[in-house]
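Written below as structure tokens is the structure these notes are about.
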Amino acid sequence: MIDKTFASPDDALHDVADGATIMFGGFVSAGTPSNLILALQRRGTRDITGIANNIGLGDLLDVLCEKRQLAKFIATFAVRASGARKSLFEEQYARGEVALELVPQGTFVERIRAAGAGLGGVLTRVGLGTMVEEGKRTINIDGADYLLELPLRADFAFIKAYRADRMGNLAYRMAGRNFNPAMATAADVVIAEVEQIVEPGGIDPESVGTPGVYVDRVVRCDPVPVRWYG
Amino acid sequence: MAGLSRELIALRVARELREGMVVNLGIGLPTLVSSFLPPGAEILLQAEDGILGYGAISEQDFDPDLINAGGQPVTLLPGASFFDSAASFAMIRGGHVDVAVLGGLEVSERGDLANWYLPERGGGSIGGAMDLACGARRVIVAMTHTAREDRPRIRTRCAYPLTAPACVDLIITDLAVIEVRPEGLLLTEVAPGVDAAFVQARTEPELRLSPDLREMEL
């Protein structure tokens, strides 16, 4: 019998080692694996390279800065141009204590998708003529220039779905889908936090957002209450 | 001589939107445009986090999975759909979004946009701005005409790091409506109580005056 369920988030993270590269699904408050993030904080793993759309913006990822667990972060949104209130990440970044690679959001998801789909890279016009093109190859195709963006993969992906079965099939809810399906394809070990676990067949096959083949571990958790950060 | 409020800038932007359009509203001032959409017109608002067809901002019932790209709770209109981020940005980059309304720090004479990084604060983030500036069929920038001390935001060349080169089609500010044309900037409308000379004095490159130059209808 295939059974990918784990008893707790802490059990599901049992082999996350210092220096790991970890993807986190979610967009601000939507589809964020909050219980896995809190378990990673408890675990105390250090020198993490984190990959997520945002940090310090209505998500819980900022807790990883409390004990300086992050060495580097790859994100589309991490540092605000305005606003009096600074996240811990912003403070540590300003002091040079954590590295940051900013990526345009469409390029971010497509680099992850490329890694998960066995592609050698992505060609896009986005970033041409901006700071984003620094150090990257430009390729001309039929008279038009494109930036070559390379695949982005990780040792672990922490993702969030609404419902799972023990085989790892996942169903998402509303805008909670976001980066989770792409990240599920692009890491060696994929850990899904879900609100419900049902018997196989309990998710209509038409509604499976991520087929179980991509998912290694499933853990049921009560959602962590979040408030509108605005 | 005062220019338009942020709400009136948003109202003027909303006049550019028509039935059936797919529209993405950036964070900040552009978000206000959703309050002034033409009544009765079916306009599909797209949010980068994977919603097509969201409606008003809802502050009562906060559902963490139902937010726009600015993290604000939103409602859904009949006919709405959800999708993942890869599909969302294929929609944006693939030319399926008719209009992106973006905020701006600076716009150049040839339509370069700088709206993501403030060097004096050493900060900024890209989010979906570069994809929207490159991929939307029409890019409207909504911003105040000048920064502090009347420093022009419409520049011969942008001093701030670019979001995308030559991407802006229309600039709507508290003082004016300006089209970016291949031959340069064309002043088409001025705010009530403002004349072309006042706008030019607060704009770095030379503005050509439209033969149909008129006061904004609000």
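Proteins get letters first, then strands, A, B, ... in listed order; numbering begins at 1 in each.
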For B:Ala69, is it the side chain, the backbone, both, or neither that has a heavy atom closer than 4.5 Å to a heavy atom of chain A?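 Interface part for B:Ala69: both.
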Considering only heavy atoms, which portion of B:Asp112 lies under 4.5 Å from any heavy atom of chain A: side chain, backbone, both, or neither? neither
Looking only at heavy atoms, which of [range] get nearer than 4.5 Å to chain A?
range: residues 128-135 of chain B; value: B:Gly128, B:Met130, B:Asp131, B:Cys134
range: residues 45-55 of chain B; value: B:Glu48, B:Asp49, B:Ile51
range: residues 154-173 of chain B; value: B:Pro161, B:Leu162, B:Thr163, B:Ala164, B:Pro165

Which bit of [X] comes within less than 4.5 Å of chain B, counting heavy atoms only: side chain, backbone, both or neither?
X: A:Pro181; result: side chain
X: A:Thr32; result: neither
X: A:Arg113; result: side chain
X: A:Ile112; result: neither

Around atom [atom1] of [X], are there more than 12 heavy atoms of other residues, nucleotides or ligands at under 6.0 Å?
X: B:Glu183; atom1: CD; value: yes
X: A:Arg125; atom1: CZ; value: no
X: A:Glu66; atom1: CD; value: yes
X: B:Arg15; atom1: CZ; value: yes
X: A:Met167; atom1: CE; value: no
X: B:Glu42; atom1: CD; value: no

Taking non-hydrogen atoms and a cut-off under 4.5 angstrom, which of residues 206-213 of chain A neighbour chain B? none
Rounded to the nearest 0.5 Å, what separates atom [atom1] in [X] from atom [atom2] in [Y]?
X: A:Gln105; Y: B:Phe89; atom1: CD; atom2: CZ; answer: 3.5 Å
X: B:Trp116; Y: A:Thr130; atom1: CH2; atom2: OG1; answer: 7.0 Å
X: A:Leu102; Y: B:Tyr117; atom1: CG; atom2: OH; answer: 9.0 Å
X: B:Asp84; Y: A:Tyr172; atom1: CG; atom2: OH; answer: 8.5 Å

Intermediate values then yes/no, side chain to side chain contact (heavy atoms under 4.5 Å, CB included), B:Ile67 and A:Val28: CA-CA 9 Å; B:Ile67 56 168; A:Val28 190; 3.9 Å; yes
Could you go through the side chain to side chain contact (heavy atoms under 4.5 Å, CB included) check for A:Thr76 and B:Ser125 one step at a time? CA-CA 6 Å; A:Thr76 87; B:Ser125 282; over 6 Å; no
Can any side-chain N or O of B:Ser85 pair as donor or acceptor with the backbone N or O of A:Val109 at less than 3.5 Å?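 No: the side chain of B:Ser85 does not pair with the backbone of A:Val109.
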Residues A:Arg173 and B:Asp65 bridged, charged N to O under 4.0 Å: yes
